[in-house]
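Proteins come first, then strands; the chains are lettered A, B, ... in the order of their sequence lines, and each starts at number 1. Keep in mind that what you see is a predicted model, and the values were worked out from it rather than measured. Values reported hereafter were calculated over all heavy atoms of this structure, with side chains retained and with hydrogens, waters and symmetry mates removed.
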Amino acid sequence: MLLIECPWCGPRAETEFSHGGEAGITRPANPDALSDAEWADYLFYRSNPRGAHRELWNHARGCRRWFVVERDTVTNRIAGSFRLDEALPVPASAAGKQAEQGD
Amino acid sequence: MAAGQANRLPEGGRIDRSRPLRFSFNGKSYAGYAGDTLASALLANGVSLVGRSFKLRRPRGIVGGGAEEPNAVMQLGEGAAARPNLLATQVELEPGLAARGTRGWPSTRFDIGAALDGFGRILGAGFYYKTFKYPRAWWKLYEHVIRRAAGFGKAPDSPDPDRYEHRNAHCDVLVAGGGPAGLMAALMAARAGARVILADDDVEFGGSLLVGGDAIDGIPAMDWVARVVAELRQMPDCRLLSRGTVFGYHDHNFLTIAQRCVRESDIAAQDQARRPVAERLWRVRAKRVVLAQGAFERPLVFCNNDRPGVMLATAVSGYIRRHAVLPGRRAVVFTNNDSAYRTAIDLAGAGAEVAAIVDSRPGGAGAIEQRVKELGIPVLPGHVVSDVSGRRRVRGAGIARWTGEPWSTVEITLRIDCDLVAVSGGFSPAVHLHSQAGGKLEWSESQLCFLPAEARQSHDSAGAGNGRQSTGDCLADGLRAGTAATVELGLSRPEIEIPATEEVPAAPIEALWRVPAVKDADRCPKQFIDFQNDATVADIRLAVREGYRNVEHVKRYTALGFGTDQGKLGNINGMAILADALGKPIPEVGTTTFRPAYTPVRFGTVAGESVGELYDPVRKTALHEWHEAAGAPMEAVGQWHRPWYFPRGGEDLHAAVARECLAVRNSVGIMDASTLGKIDVRGPDAVNFLERVYTHNVGRMKPGRCAYGILLGEDGMVMDDGVMARLAEDRFYLTTTTGGAAHVLDWLEKWLQTEWPELEVYLTSLTEQFSTLAVAGPNSRKLLEKLGCDIPLDRESFPFMHVRTATLAGIPVSLFRVGFSGELAFEINIGSQFALDLWRKLMDAGREFDITPYGTETMHVLRAEKGFVIVGHDTDGSVTPVDLGMNWLLSREKDFLGKRSLARPDCLREDRKQLVGLLSRDGCTVIPEGAQLIERTGQATPVPMCGHVTSSYPSASLGHPIALALVTGGRGRKGETLFAASPGREPTAVEIVSPAFYDPGGERQHV
Amino acid sequence: MSEKIARPRGLEAFIGAAESMPEAGAEIAVPANRGFLNLRLDSRQQQAVKAAEDVLVQDLPLAANTFTSGKRRVYWLGPDEWLLETGAEEAGALCGELEAALAGHHAAINDISGGQAALRLTGPEARAILSRGCTLDLHPREFAPGQCARTGLARATVLLACIDEAPTYTLIVGRSFADYLCRWLAH
């Protein structure tokens, strides 16, 4: 069970949170102007990286805030939690990280 | 009382001789003492045969002294209280304890499968896979027999009567293992002021000191343990968990501990209604972890090394020193390291004859060799035990010279009669938790074992689990780990000295992975690596010959390390022999993956208190007690329990629902709709926000106006629906489906917070605050008027789809002129604290109209008669509003979530499934919900399907059954005939019709 | 340290009144006539905060997971959300006063007195009882009087507040979960 740092409430158990998928997916300003392929790219395609991943979490059983967590998808190590109204630091590079055998 | 305990020593041990007790094994009664384990008591009684092996049905005896025991797998209790899969070495002996061996069908002593042993050569690796593969239809037959012969015991046959508890805990330092290293680490951390949890799976703390251990700081080792434990117990922030096995090391330093809490006899004596907690699951979040779980001794791999009487050397020492049990009278000790020499000394001290120490190392042992020689014990350096004789009990050992060539053949040069062979092939640190945590392992060529290397989480290993061998080294390593933890935590470190111990210089271990035999490796008698799963040297070599290269594949093909073993006993021997067969160094072959649980954990422990009525919260409305008193059966809708129907007299569901439906259609009915989700939306940007999420034109709604709204996922599929009302310019009140309430609020917040933070809107859940009383039927207005309402309720003043605040019987309420039945109806929203009072008043005032409370079933029928869908019942996440015929709800003037997706080619297909009504052609058959629709009967399988039935009910109002369905291109197919097919029934001919069965013009709700 | 914990006293309805509980190390009480308001406003809007505080004659707690005690209790629920606990008879009037004081500000105030249930758990074993189903660290240094948190308790969501060092906790839960929570506490 992960220990997730809520930017407001501090570290809390994963059971208090719900996951909201990849962060930084911005809804297109004018969906009608997009081709079907462009819309599908927004709707369905995600980066699903091996390594550093920024994702949305909601402190659903707490302060109900959505925020961004940078989590390593291999080790589950969390590099940081960020409020949506603060500038995000440069992501920790996935490159050069020891790829570990997932199972 | 102690009669019959032929192998019990007259004195010594940590058993309580003042508390003799009786127990039974396989139906026979035996004597033992408090402080015994089931295993030690069986050995005391000379029971050497405890089970049959998994595949070959060979007789097996107790091998080990703890979690590594492969053979003595027991079943305790019967019926509901049956507990399978327990190791006799870990079961505390209790008065009246009744154990059965789980291996051996029909009995341990007479085993049909034992005949299989004769066919051992054909029962190699993958035998079952290869042999029982064809013909396929026969597998069910094979499986029945194989499973019966193979199992680890029987599951309970009815609900577990035991109580379990979960406890969440936090600490600065969790120490797993209470031996010398763990105690030192815990002592250091606790004295530094850390919050400490020390867990040990044994009844007593002490670990290896319980078994061996000379003086520490000049006092007996266990006195030193008692002193440390006493100090730790005094500390308020130190928690000691004995009988607690740390079985899982999960992400972010979250560890799980299964703690046995009460003895079997305590449970039996207790009141059945409230039994004491049988087992507790500790869920621990630790800042720092010290893993001090010790090491497992390895067996040696020689011919017939599975014969009862071949035991691990440390286990033999343990039985002698801890339980005062002498497992044999004439012993051969076989080793490749110094440790087993101590066992020889223990055996001699307990009065056994040690016929020889057979040491594969040509140079023999270190300083300890002199001690055993002084005791007159012969040592045979440079020799091995190549084979043992005896079937149900070892009778002799065949000794050969060790040439250093494991795959050569040898000659037996000496035969020694014995009834016990104590073996030691070196020690493998218990790296399970370290590995579960993601830590790496490193092969030590000098110690011939994998040692914990780089950690991935905040943990450290110490003691024997970190490759330390002597007690002194373990104490020092524990102190080091405890100090490292305090430094890591930023605590000041107290001065603690390493306790003094006597050190005996040891000679190094030498590799001996496979002992050569008189024949080559594939033809000699079986050399077992994994006793529990009957994996042998020949099996591993066969797997390699058949092309297996990866250790994980070899594991699955040979079953090496399966079951309760999980790589504790045979893993390293197996890896080494695999490496040899592959011609690779051991570290290149690596180990298999260690996963939780480290030892078997009861399902009850995992479930904890979440069973029975606490399995999931039962949410109750403010009117729940009234419904129960009225005798309504409840229907679970998500976590809510809602009244299903309100039977009168002996009515069944069908009769009650027919009556309730007619009451609503003809007079007035009342329903508790409080479970609907309710959300207050407020702020200057409320309209702007809701325009983006709802499909209709929200801005056109004037205050006081209600609208039916749907929410689409961004994929264009219907996600939720409900009535929403504009209460003021900047204030809306949304309702959601019962099941969607929490999700919709989170989803709305997500859009608001992540996409549109500039919008000034607040969302507040009012689901719990307001109860919703739905009053429906032609007499509903009269009822409210009779009750006393401070606003006019006539059609002109308060038209359909409007909302008003009012007082009803003097209580402030919100009145919504909306409904789900197609009748004149009002939904009364009222503070939940007043709801029951108002409900009662409505029931009283409604008597003259024969007001009829109705449940969810009637609600379903009424809405289906109108063709109203229920999201999640008639839709399944693949249905667009166009499929439902709701184009009228889709604004052309604005964007909304999901709109763009409705223009995707897939959503524009003509042949999408569309909502239609169905009538059975015979006018009386109720089609089963979920039935598939087909074009015609008599087609060859697979029959193409063109839709399915989503709702189906008898309709008392219409006098015939009705159904809703999703049909391919359905809207253009009215009047056509399809067939509804479901298993076990003749297909029913149905006609496609409009889903609006009742009052299609909607006149009744506008009156 | 004994790990055994007894059921709290005060839940006889869920246990069966005939059963005695001599070993109970905690008691539960259900405070009567509690009123609750939910307040939303942006804590960075100092004027709005001031307006609310003037009505309450009490500070809005701005530090996360704390509450202030005065005539009422005001619990922090989120950076723009508070729960006000007051007398039931006062809730409606207070709601109106706050509405009036906050007119012109972006704020939302809802009387949710009907939707909440409050429980008071007190006694030396209270902490252990909660730890059966709460993942918060309840150690007195970590969750001290004056602190509160919305969190999970068993399978319900509760607002948990530490009132004093007895320790005494207030648990505020959605009313539909109250029956479940009492059964769980009595288990």
Side-chain angles (χ1 to χ4, degrees), chain A residues 1-5 7 11-15 17-40 42-44 54-61 63-68 71-78 83-86 97-98 100-103, chain B residues 168 170 248 250-256 283-287 435-440 454 456-458 552 590 592-595 692 713-716 742-743 745-758 763-765 894-908:
Chain A
M1 184 168 60
L2 306 184
L3 186 67
I4 297 170
E5 175 101 12
R12 296 283 186 95
E14 184 184 346
T15 46
F17 299 86
S18 63
H19 187 263
E22 183 171 347
I25 309 286
T26 307
R27 187 169 199 270
N30 186 2
D32 283 340
L34 300 186
S35 68
D36 285 336
E38 287 166 331
W39 181 251
Y42 154 71
L43 197 55
F44 299 122
R54 284 185 171 170
E55 52 202 16
L56 289 168
W57 286 83
N58 178 20
H59 193 187
R61 291 177 102 180
C63 66
R64 300 204 294 134
R65 295 301 97 186
W66 285 90
F67 57 97
V68 177
R71 178 179 65 96
D72 188 305
T73 58
V74 177
T75 63
N76 271 337
R77 205 172 280 137
I78 289 178
R83 287 159 51 158
L84 292 164
D85 60 1
E86 64 186 339
K97 279 204 168 169
Q98 278 289 318
E100 287 174 64
Q101 191 67 46
D103 46 8
Chain B
N168 295 287
H170 300 256
H250 312 271
D251 285 317
H252 295 185
N253 267 27
F254 182 72
L255 294 97
T256 41
R283 299 152 45 92
V284 181
R285 187 76 69 175
K287 292 201 174 81
S435 297
Q436 285 179 23
K440 292 195 189 320
E454 186 195 336
R456 194 162 83 183
Q457 303 192 38
S458 184
E552 297 282 4
T592 50
T593 308
F594 295 98
R595 296 187 180 86
R692 300 181 193 197
E714 192 71 305
D715 60 1
H743 171 68
L745 180 62
D746 285 352
W747 180 82
L748 291 174
E749 281 285 1
K750 186 181 181 189
W751 286 107
L752 203 50
Q753 293 180 31
T754 66
E755 282 287 337
W756 310 313
E758 71 282 2
L763 306 175
T764 306
S765 172
K894 61 161 189 176
D895 185 29
F896 53 82
L897 295 178
K899 186 180 191 184
R900 176 63 185 83
S901 287
L902 297 177
R904 295 180 65 236
D906 189 63
C907 290
L908 298 173

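Contact detail for A/Arg64 and B/Gln753: the closest heavy-atom pair is O-NE2, 3.0 Å. Between A/Asn76 and B/His252, the shortest heavy-atom contact is O-NE2, 2.7 Å. Minimum heavy-atom separation, A/Leu34 to B/Arg900: O-NH2, 2.9 Å.
Within the 4.5 angstrom heavy-atom criterion, no atom of B/Trp747 approaches chain A. For A/Ala23, no part sits under 4.5 Å from any heavy atom of chain B, backbone or side chain. For B/Leu763, the part lying under 4.5 angstrom from a heavy atom of chain A is the backbone only. Using a 4.5 Å cut-off between heavy atoms, A/Asn58 touches chain B through its side chain atoms alone. For A/Phe44, the part lying under 4.5 angstrom from a heavy atom of chain B is the side chain only. Using a 4.5 Å cut-off between heavy atoms, A/Leu84 touches chain B through its side chain atoms alone. In this structure, no portion of B/Ala742 lies under 4.5 Å from any heavy atom of chain A.
Here the side chains of A/Leu43 and B/Ser901 are in contact, with some heavy-atom distance below 4.5 Å. Side-chain contact between A/Arg27 and B/Asp895 is present, with heavy atoms from C-beta onward closer than 4.5 Å. Residues B/Lys750 and A/Leu56 have side chains in contact (heavy-atom distance under 4.5 Å, counting atoms from C-beta outward). Side-chain contact check for A/Asp36 versus B/Pro905: some heavy-atom pair is nearer than 4.5 Å.
Side-chain atoms of B/Arg456 never come within 3.5 Å of backbone atoms of A/Arg77 as a donor-acceptor pair (strictly under, hydrogens ignored).
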**Study point:** Step-by-step side chain to side chain contact (heavy atoms under 4.5 Å, CB included) determination, A/Tyr42 to B/Glu714
**Key:** CA-CA 10 Å; A/Tyr42 154 71; B/Glu714 192 71 305; 2.6 Å; yes
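Residue B/Leu752 holds its CG atom at 12.0 Å from CH2 of A/Trp66, rounded to the nearest 0.5 Å.
Ranked by non-hydrogen atom pairs under 4.5 Å with chain A, the options B/Glu552, B/Glu749, B/Arg285 are led by B/Arg285. For the options B/His250, B/Arg904, B/Lys899, B/Glu755, heavy-atom pairs under 4.5 Å to chain A are most numerous at B/Glu755.
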